[in-house]
> 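First, the structure itself, so that you have it in front of you.
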Amino acid sequence: FDRKSVYATLSTLHQQLNQVEIVVVDDGSPNPVHAASGIKLVRNAQNRGLAHSRNQGLEAAANDFVAFIDDDALPTPAWSQQLERAFLEGADIVGGKIAAEWVVKKPWWFNEFNESLLGVNQDTNNPLGCNFAVRKSFLGKHDLAFDERLGRKGADLRAGEETELFIHAREKGAKIVFNPNAIVLHILGAERARLSYLLRRVFAEGRTEGIRQLFRLHLGYRRKNLWRALKRRKWNALAAGLLEFPCYVAGGLWGRLFA
């Protein structure tokens, strides 16, 4: 990535109520990140992808509780404190609240059924990649890591590497919790407000689920969401869902055939 917003993220991390170790993975940015003293910087000469970068950050972290945040997200002051509280109560993986912070007019198509595609969970409360934390020792004990077939890489909008990790961790007995008080604001600008971005993201989501062999299951979820939008007379959500559906199907077929 090459976003100056990373410096705002770093500033808010320095303002946490409890002291935190900060690890930055610069994944081949054209303009390298300049980190202040006290920040551990891992720099890739070329873009290796989000899943690879997450694995690098996990390896570089000295602490057992390791949180992940995007370079366009701002944690509230109590964010790390709230994540730590969940770990001290026995959690192995913790998800937090991600609220949308639009810096342009919110697009007509943005709704509770597709918010996760933009890294937001203010309605669904599902752990997402922009705001979650893991117990490093648990992952190490069970030889778990982020699947590098998934996750964004350059312009490729594939995702799902954190969800895949959550599934395998749960199979190993992980306690996964959601703490709505561990809050970050996800900054959403003009690029993500475009309908073309949404449709590309939906195609990539279908491709992700095709690779993960979960395409049929998630296609069923999409059908249910269309029915829910119709029953609740949420016409914008219904219109968006109808536009998304063929893109998801095309992506899913692509993922299954060319994974």
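Both backbone and side-chain heavy atoms feed into the values below; hydrogens, waters and symmetry mates do not. Quick caveat, the model's predicted, so the values are computed rather than measured.
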> Do Ser116 and Leu128 have side-chain heavy atoms sitting under 4.5 Å apart?
yes
> Other residues, nucleotides and ligands only: do more than 12 of their heavy atoms fall within 6.0 Å of CZ on Arg216?
no
> Can Asp147 and Arg212 be said to form a side chain to side chain contact (heavy atoms under 4.5 Å, CB included), step by step?
CA-CA 10 Å; Asp147 186 341; Arg212 296 174 62 212; over 6 Å; no
> What residues form a salt bridge (Lys or Arg N to Asp or Glu O under 4.0 Å) with Asp156, not counting sequence neighbours?
Arg158, Arg207
> Are there over 12 heavy-atom neighbours, none belonging to Lys172, within less than 6.0 Å of that residue's NZ?
no
> Determine yes or no for a side-chain-to-main-chain donor-acceptor pair under 3.5 angstrom, with Asn179 supplying the side chain and Gly96 the backbone.
no
> What pairs of donor and acceptor atoms, side-chain ones from residues 230-238 against any protein atom, are under 3.5 angstrom apart with sequence neighbours left out?
unit_1: Arg232; atom_1: NH1; unit_2: Glu112; atom_2: OE1; d: 3.1
unit_1: Lys234; atom_1: NZ; unit_2: Glu112; atom_2: OE2; d: 2.3
unit_1: Asn236; atom_1: ND2; unit_2: Trp108; atom_2: O; d: 3.4

> State whether the side chain of Asn114 and the backbone N or O of Asn111 hold a donor-acceptor pair below 3.5 Å, judged by distance alone.
yes
> Hey, is the main chain of Ser5 close enough, under 3.5 Å, to the side chain of Asp72 for a donor-acceptor pair?
no
> Taking atom CD of Gln122 as the centre, does the number of heavy atoms from other residues, nucleotides or ligands within less than 6.0 Å exceed 12?
yes
> Is a side-chain N or O of Asp26 found less than 3.5 angstrom from the main chain of Val33, in a donor-acceptor match?
yes
> Testing Thr12, Leu13, Val20 one by one against Trp79 for a side chain to side chain contact (heavy atoms under 4.5 Å, CB included), which residue passes?
Leu13
> Identify whether NZ of Lys or CZ of Arg in Arg222 sits under 6.0 Å from the centre of the six-membered ring of Tyr248 and within 45° of that ring's axis.
yes
> Taking Tyr197 for the side chain and Ala190 for the main chain, is one N or O donor matched with an acceptor at less than 3.5 Å?
no
> In the hydrophobic clustering that connects Ile, Leu, Val, Met, Phe, Trp and Tyr at side-chain heavy-atom distances below 4.5 Å, which members other than Phe166 occupy its cluster, ordered by chain and number?
Leu58, Val66, Phe68, Ile93, Phe132, Val134, Phe138, Leu139, Leu144, Phe146, Leu165, Ile176
> Can a donor-acceptor pair be found, under 3.5 Å and without considering hydrogens, that links the side chain of Glu115 to the backbone of Asp123?
yes
> Within a reach of under 6.0 Å around CZ of Arg200, are more than 12 heavy atoms found that belong to other residues, nucleotides or ligands?
yes
